[in-house]
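Sequential numbering from 1 along the given sequence is applied to the chain's residues.
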Amino acid sequence: MNHVAATKSVSSAALAVTSAQTASLEIDTLGFEYASIDVIFSPFTAAVNPTTAATVLRIAHSDSTGTAAQTNVTGFVGGTDFTVSAGSTATSALGYSHRFDVDLRGKRRYVTVYATPASTCGVVTTARLGKAEAGPADASAKGVSTQAVG
């Protein structure tokens, strides 16, 4: 059995997020034990804040959808639990990339990723949920448009 084939993807993309905006992705983790979440920034349009790529980079969780009852997940708050390194303006390189590897056991059902870049850039957030109670089999259940398995 290919264990990676029995995972689910959740993603979002925002083309131009400013330093006054926050990109977010809410993930329903029901039935999964682990998540690997990547937050990727395109090259920055200007080096406004060269010491950090993001002023906000964190994960919060709650028992219901929406932001009303969310609390930060300990260990997953940038600037508190880890250092956010600098981003890049080089168009030949990725601006910044960060991975959250999360053990979902003991966490609330909905996990939300928040990312506020230090300067305007594109933000892509993608999560791969794994170790499911029942692994998804078709493309739709896996959260993708198409699939090839072999």
Side-chain angles (χ1 to χ4, degrees), residues 3-132 136 139-147:
H3 294 283
V4 177
T7 60
K8 179 180 179 180
S9 296
V10 181
S11 59
S12 71
L15 296 180
V17 181
T18 70
S19 61
Q21 298 173 315
T22 299
S24 65
L25 173 64
E26 183 177 79
I27 305 162
D28 184 351
T29 66
L30 183 65
F32 293 92
E33 292 185 11
Y34 296 98
S36 186
I37 305 165
D38 290 337
V39 180
I40 303 165
F41 295 168
S42 69
F44 293 89
T45 56
V48 174
N49 188 347
T51 60
T52 184
T55 56
V56 174
L57 189 56
R58 67 182 175 95
I59 293 179
H61 63 157
S62 64
D63 291 322
S64 58
T65 62
T67 60
Q70 288 186 342
T71 57
N72 286 336
V73 178
T74 303
F76 296 94
V77 179
T80 300
D81 302 314
F82 61 89
T83 301
V84 179
S85 64
S88 173
T89 59
T91 56
S92 62
L94 191 59
Y96 177 79
S97 181
H98 180 81
R99 172 160 297 165
F100 293 105
D101 287 322
V102 186
D103 183 344
L104 298 171
R105 296 172 297 176
K107 307 289 187 294
R108 296 178 183 146
R109 177 176 174 175
Y110 297 94
V111 172
T112 304
V113 182
Y114 293 97
T116 303
S119 181
T120 302
C121 67
V123 178
V124 174
T125 305
T126 185
R128 172 84 50 98
L129 301 170
K131 198 158 185 192
S140 177
K142 291 180 181 184
V144 296
S145 301
T146 59
Q147 69 173 348

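With sequence neighbours left out, the side-chain hydrogen bond (donor to acceptor under 3.5 Å, both in side chains) criterion links K8 to no other residue. Looking at residues two or more places apart in sequence or on another chain, you find no salt bridge (Lys or Arg N to Asp or Glu O under 4.0 Å) involving D81. Under the side-chain contact (heavy atoms from CB on, under 4.5 Å) criterion, A13 pairs with V124, not counting sequence neighbours. For S42, the side-chain hydrogen bond (donor to acceptor under 3.5 Å, both in side chains) criterion is met by no residue, not counting sequence neighbours. Every residue was checked against the side-chain hydrogen bond (donor to acceptor under 3.5 Å, both in side chains) condition with E26, not counting sequence neighbours, and none meets it. Residues that satisfy the ring pair (Phe, Tyr, Trp, His ring centres under 6.0 Å) test with F82, not counting sequence neighbours, are H98, F100. Applying the side-chain contact (heavy atoms from CB on, under 4.5 Å) test to A14 and every residue at least two apart in sequence or in another chain returns V17. In terms of the side-chain contact (heavy atoms from CB on, under 4.5 Å) criterion, residue partners of A141 (sequence neighbours excluded) are, by chain and number, P136, D138. With sequence neighbours excluded, the residues satisfying side-chain hydrogen bond (donor to acceptor under 3.5 Å, both in side chains) with T22 are T116. Not counting sequence neighbours, the partners of F41 by the ring pair (Phe, Tyr, Trp, His ring centres under 6.0 Å) test are F44, Y96. The salt bridge (Lys or Arg N to Asp or Glu O under 4.0 Å) test applied to R109 returns D28, not counting sequence neighbours.
Nearest heavy-atom pair across C121 and P117 is SG-CB, 3.6 Å. For V84 against A54, the heavy-atom pair with the smallest separation is CG1-N, 3.6 Å. Taking each heavy atom of S19 and S119 in turn, the nearest pair found is CB-N, 4.3 Å. Shown here for A139 and S145, the closest heavy-atom pair between the two residues is CB-O, 4.0 Å. Taking each heavy atom of S12 and S24 in turn, the nearest pair found is OG-O, 3.9 Å.
Residue pairs meeting the salt bridge (Lys or Arg N to Asp or Glu O under 4.0 Å) criterion with at least one member in residues 87-100, sequence neighbours excluded: D38-R99.
With a 4.5 Å cut-off on side-chain heavy atoms, L104 and L129 count as touching. Looking at heavy atoms from C-beta onward, T83 lies out of side-chain contact with S85 at the 4.5 angstrom threshold. Residues V39 and L57 form a side-chain contact, since some pair of their non-hydrogen atoms from C-beta on lies under 4.5 Å apart. Put simply, the side chain of V111 does not reach to within 4.5 Å of the side chain of V102, judged on heavy atoms. Residues Y34 and R128 fail the side-chain proximity criterion, which asks for heavy atoms closer than 4.5 Å. You'll find the side chain of Q70 reaches within 4.5 Å of the side chain of Y114, heavy atoms only.
Within 6.0 Å of NZ in K107 there are more than 12 heavy atoms belonging to other residues, nucleotides or ligands.
For the residue pair T71 / R108, a side-chain donor-acceptor distance below 3.5 Å is found, with atom types taken as modelled.
Separation of atoms OG1 (T125) and CD1 (I27) is listed at 8.0 Å; rounding is to 0.5 Å.
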